[in-house]
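Only one structure is covered here, and it is reproduced in the block below.
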Amino acid sequence: QLQLVESGGGLVQPGGSLRLSCAASDFTLDYYAVGWFRQAPGKEREGVSCISTSGGITNYADSVKDRFTISRDNAKNTVYLQMNSLNAEDTAVYYCSTMYTCVIMATALNFASSKWGKGTLVTVSS
């Protein structure tokens with residue numbers, strides 16, 4: 001089963017920025033839509049953003065719109081999530097997954113198609 005590896009998390013102050021990376025090591029990511037998801041302590045996993053194979057279609061959860069930007073570099077087999085203006089509500093473990101298609105975030109979990117990895121922890125705190 002396909003699996004991606006997340007990296008780039010860490011501790012950041014409110015208002016700060018982080019860039020997460022999602023890499024594939026043993027398959028070509030070009031052929032897949034990719035989504036970012038997160039799970040905060042005590043909460044269910046939720047969709048954050050996704051990007052189509054070409055990068056021409058992106059979707060964002062309302063809570064991160066205008067603060068987060070998803071992008072992909074197919075030459076590097078990597079998808080990124082640039083996170084700006086972080087706040088405490090963004091604290092979570094962030095996961096990425098291939099998706100059957102990039103859809104609105106309310107239904108994104110149903111379209112995740114790869115095995116969940118360990119994720120990367122983002123902690124926003126002063």
Side-chain angles (χ1 to χ4, degrees):
Q1 192 175 6
L2 303 179
Q3 188 169 13
L4 302 170
V5 178
E6 307 90 349
S7 63
L11 174 63
V12 62
Q13 292 186 341
S17 298
L18 279 175
R19 188 177 79 158
L20 306 184
S21 298
C22 170
S25 60
D26 55 1
F27 65 97
T28 301
L29 204 52
D30 301 23
Y31 304 125
Y32 298 90
V34 175
W36 281 99
F37 302 81
R38 69 185 181 185
Q39 188 164 14
K43 294 187 177 181
E44 294 185 351
R45 192 167 302 186
E46 63 177 359
V48 175
S49 181
C50 63
I51 187 167
S52 62
T53 52
S54 67
I57 296 172
T58 58
N59 283 303
Y60 296 92
D62 288 344
S63 60
V64 306
K65 203 170 292 183
D66 299 325
R67 299 189 298 122
F68 291 10
T69 302
I70 192 170
S71 62
R72 66 190 304 156
D73 185 340
N74 287 341
K76 295 184 178 179
N77 222 25
T78 301
V79 171
Y80 303 99
L81 185 68
Q82 177 66 43
M83 306 187 297
N84 299 329
S85 302
L86 286 161
N87 57 59
E89 288 69 41
D90 297 316
T91 294
V93 178
Y94 284 71
Y95 304 87
C96 61
S97 174
T98 56
M99 297 180 67
Y100 296 112
T101 187
C102 180
V103 295
I104 60 172
M105 290 299 101
T107 61
L109 272 173
N110 296 325
F111 291 83
S113 57
S114 60
K115 182 180 178 182
W116 295 111
K118 295 180 180 180
T120 186
L121 176 63
V122 172
T123 303
V124 184
S125 176
S126 56

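The residues of the chain are indexed from 1 along the displayed sequence. These figures come from a predicted structure and were not determined experimentally.
Within 6.0 Å of atom CG in Leu2, more than 12 heavy atoms from other residues, nucleotides or ligands are found, so the atom counts as buried in its surroundings.
Applying the salt bridge (charged side-chain N to carboxylate O under 4.0 Å, His left out) definition to pairs two or more places apart or across chains, none involves residues 117-126.
Every side chain to side chain donor-acceptor pair (under 3.5 Å) that Ser114 has, sequence neighbours left out, goes to Ser97, Thr98. With sequence neighbours excluded, the residues forming a side chain to side chain donor-acceptor pair (under 3.5 Å) with Asp62 are Lys65, listed by chain and number. Every side chain to side chain contact (heavy atoms under 4.5 Å, CB included) that Thr58 has, sequence neighbours left out, goes to Ile51, Tyr60, Ile70.
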List, one per line, each side-chain donor-acceptor pair under 3.5 Å for residues 30-38, sequence neighbours excluded.
from, atom 1, to, atom 2, distance (Å)
Arg38, NE, Glu46, OE2, 2.8
Arg38, NH1, Asp90, OD1, 2.9
Arg38, NH1, Tyr94, OH, 2.9
Arg38, NH2, Glu46, OE2, 3.4
Arg38, NH2, Ser63, OG, 3.4

Please tabulate, one pair per line, all N/O donor-acceptor pairs under 3.5 Å involving side-chain atoms of residues 5-29, not counting sequence neighbours.
from, atom 1, to, atom 2, distance (Å)
Glu6, OE1, Gly119, N, 3.0
Glu6, OE2, Cys96, N, 3.0
Ser17, OG, Asn84, OD1, 2.9

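Remark: Gln39 CD to Arg45 CZ distance equals 5.0 Å, nearest 0.5 Å.
Nearest heavy atom pair, residue Val79 against residue Arg72, reads CG2-CB, 3.8 Å.
At distances below 3.5 Å, at least one donor-acceptor pair connects side-chain atoms of Asn59 with backbone N or O atoms of Val103. Using modelled atom types, one side-chain atom of Arg67 and one backbone atom of Ser85 make a donor-acceptor pair closer than 3.5 Å.
Connection of Met105 to Tyr95 is not established within any shared hydrophobic cluster, with ILVMFWY side chains joined at heavy-atom distances below 4.5 Å, either directly or through further cluster members. Under a hydrophobic clustering in which Ile, Leu, Val, Met, Phe, Trp and Tyr are joined whenever their side-chain heavy atoms come within less than 4.5 Å, directly or via other members, Leu4 and Leu81 fall into the same cluster. The hydrophobic cluster containing Tyr80 does not contain Leu86, counting ILVMFWY residues as joined when their side-chain heavy atoms lie under 4.5 angstrom apart, directly or transitively.
Annotation: side chain of Leu109 is not in contact with side chain of Glu44 (no heavy-atom distance under 4.5 Å).
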